[in-house]
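Each chain gets a letter, A, B and so on, in the order its sequence line appears, and its residues count up from 1. These numbers were taken from a predicted model, which means no experiment stands behind them.
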Amino acid sequence: MSEKIKTVRGFRDLIGEEARKYRFVVEKIRNILEKNNFEEIILPTVEYTKLFTRSIGDATDIVEKEMFTFQDKGGRDIALRPEGTAGVVRAYIENKLYADGTYKKLYYEGSMFRHERPQKGRYREFHQVGAEVLGTINPLADAEIIKIADDILKTLQIEATIEINSLGCKKCRPKYREALINYLRQHREELCEDCQRRLEKNPLRILDCKVETCKVIAQKAPKITDYLCDECKTHYRQVKEYLKALNVEFVENPYLVRGLDYYSKTVFECVSKELGKTVIAGGRYDYLVEELGGPPTPALGFAAGVERLMLLVKELPPKKPLVFIIPFGGEKEKIEALKIAEKLRQEGIRTELSYREGKLKKQFEYAAKIGADFAVVVGENELQSGKFPLKNLHTREQKILTLEEIIQTLKNLS
RNA sequence: GCGGUGGUAGCUCAGCCGGUAGAGCAGGGGACUGUGGAUCCCCGGGUCGCGGGUUCGAGUCCCGUCCACCGCCCCA
């Protein structure tokens, strides 16, 4: 025997019920987005590495150590996409979607790749459904994007807290950053090792530190919301007003910062209580289009983590009733059973023809085992009389019916 | 990337102080030749994650490695 080949670490198969759950989650989200008049954009899985280093930020963990990168045969630096927004923005610029003066609402779906330590709800290949609105600064868009996230959670019957914050803009964020660093420097010695390192590189992250002593320090730190410029302040206030008008429940979290560099103004996260993890997150990125070479274009969006949502979906809608057709006898009966199975399928009835040979007892055991709801025996007597026993495998009741009557009975159920 | 726990039959797991692998469930067949989940009987099934070391002898001890899970980091 040769060596067993297994999946690559952090990659996995989704089989049967798991695949069904995946489709269920993705379809629900797609429906909501279509209803909001978002158009689908199907993006490449691979982009030039530079796209991600420039958009996500080259000091972030994602770029520093989590990207799957390689060189193609022409020596070009290529990366498996670690997230979707950068690709959407690249496509927006490359295809000049800004040219007609309308704003664009796009959504995508697919695999993302991050070379991290795998855990439950965290894989090296994972899936996101994301939506982006490009070309508007209107806070109505912020509110609607968050409302869509809320709608996804409600539709999937998932309990999560929507946390929001504003990170300010080019005008006000530097002032806040300075104030924050000044404050934190006074407490440098009390900060954990990681945070001491973050102090110069990414001080905002310290606000999000889980270490108890850092939390205490963070709580007394200046809040970004006190430093917002008039424009950002108004924007943030409007977003909150609109959310209230939509009856979207949210909590303000002044310590909410995001791991990607490109965010500005509104950011939000939907945190599952059960998982303690973020399942949907997003925000504004008003400078990204310009930084990637497009015209100045405010934009925003979110990404939903399919695997994490799957962990929280407890029940799937039932499948259509399944009929198990049992040929009983010889070749003649098999051929008739084959034709009957095909006829039922043409009527839209989920049908399985038994490939098993042998006793009826075994056939019925098999039917129950594969989860069939009904069984029909096709034997010599049936073919002579033109009537077949339709057995309900749950109640064990059996009715003798013509094929037409069987079809009607089953169609009425599904 | 760091720390921890674990990997034995399809599944859940037992296996002492090192002595050549076991249970339950599942599967196949029969008791019962045209109607299932009960009962009883029989049967098959394993490179003990992988590689090396110690030993007369390793599932068991040691080292390495892979994988899963938990925590950290980070993130959807």
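Nucleic acid contact for A/K277: none, since no nucleic acid atom lies under 4.0 Å from a heavy atom of the residue. Note on A/R308: a base of the nucleic acid sits closer than 4.0 angstrom, heavy atoms only. Among the protein residues, A/E382 comes within range of the nucleic acid bases, having at least one heavy atom under 4.0 Å from a base atom.
Contact annotation: side chain of A/K391 to base of B/G36, donor-acceptor pair present below 3.5 Å. With hydrogens and angles ignored, no donor-acceptor pair closer than 3.5 Å exists between the side chain of A/Q363 and the base of B/G34.
The cationic atom of A/K170 (NZ for Lys, CZ for Arg) lies less than 6.0 Å from the six-membered ring centre of A/Y287 and within 45° of the ring axis.
Following rounding to the nearest Å, A/E365 (CD) and B/A26 (C1') show an atom-to-atom distance of 13 Å. What separates NZ of A/K120 from C1' of B/A68 is a distance of 11 Å, to the nearest Å. A straight line from CG of A/N392 to P of B/G36 spans 14 Å, rounded to a whole angstrom.
The only option from A/D373, A/I349, A/L353, A/I406 that meets the side-chain contact (heavy atoms from CB on, under 4.5 Å) definition with A/V323 turns out to be A/I349. The salt bridge (charged side-chain N to carboxylate O under 4.0 Å, His left out) test with A/E47 singles out one residue from A/R90, A/R81, A/R54, and that residue is A/R90.
Side-chain atoms of A/E116 lie closest to B/A76 of the nucleotides B/G34, B/G71, B/A76. Comparing B/A76, B/G29, B/C32 by their nearest atom to the side chain of A/R356 picks out B/G29. With B/U33, B/A68, B/U35 as the candidates, the nucleotide lying closest to the side chain of A/R9 is B/A68. For A/Q119, counting side-chain heavy atoms from C-beta on, the closest listed nucleotide (B/U35, B/A26, B/C73) is B/C73. When each of B/U35, B/C75, B/G28 is scored by its nearest atom to the side-chain atoms of A/P389, the top-ranked nucleotide is B/U35. Minimum atom distance to the side chain of A/F126 is reached by B/A76, of the listed B/G29, B/A76, B/A31. Listed nucleotides: B/A76, B/C70, B/G34. Nearest to the side chain of A/L360: B/G34.
Under the Watson-Crick or G-U wobble criterion, with both distances below 3.5 Å, B/U47 is left unpaired in every strand shown. Nucleotide B/G1: paired with B/C72 (Watson-Crick or G-U wobble, both distances less than 3.5 Å). Pairing for B/C40 goes to B/G30, judged as Watson-Crick or G-U wobble with the two contacts each under 3.5 Å. Summarising the base pairing, B/C17 is matched to no nucleotide, lacking a Watson-Crick or G-U wobble pair whose two defining distances lie under 3.5 Å. Nucleotide B/C61: paired with B/G53 (Watson-Crick or G-U wobble, both distances less than 3.5 Å). Under the Watson-Crick or G-U wobble criterion, with both distances below 3.5 Å, B/G10 is paired with B/C25.
Within 6.0 Å of OH in A/Y242 there are more than 12 heavy atoms belonging to other residues, nucleotides or ligands. Counting non-hydrogen atoms of other residues, nucleotides and ligands closer than 6.0 Å to CZ of A/R23 gives a total of 12 or fewer.
The separation of B/A76 from B/A14, taken at their P atoms, amounts to 39 Å, rounded to a whole angstrom. Here, B/G19 and B/C62 have their P atoms 15 Å apart, quoted to the whole Å. For the C1' atoms, the distance linking B/G30 with B/A68 amounts to 41 Å, nearest Å. On the P atoms, B/A58 is 11 Å away from B/G53, given to the nearest whole Å. Of the C1' atoms belonging to B/C61 and B/U55, the separation is 10 Å, rounded to the nearest Å. Comparing B/G51 with B/G15, their C1' atoms sit 24 Å apart, to the nearest whole Å.
Of the residues near RNA chain B, A/K6 and A/V257, the one whose nearest nucleotide (by heavy atom distance) lies more toward the 5' end is A/K6. Residue order along RNA chain B, read from the 5' end via each residue's closest nucleotide, puts A/R122 first among A/R122 and A/V279.
Distances shorter than 4.0 Å separate some side-chain N or O of A/K369 from OP1 or OP2 on B/G27. Residue A/R117 has no polar side-chain atom (N or O) positioned under 4.0 Å from OP1 or OP2 of B/G1.
Under 3.5 Å, the side chains of A/N165 and A/E252 contain no donor-acceptor pair of N or O atoms.
In this structure, the side chain of A/R76 does not engage the main chain of A/Q71 through any donor-acceptor pair within 3.5 Å.
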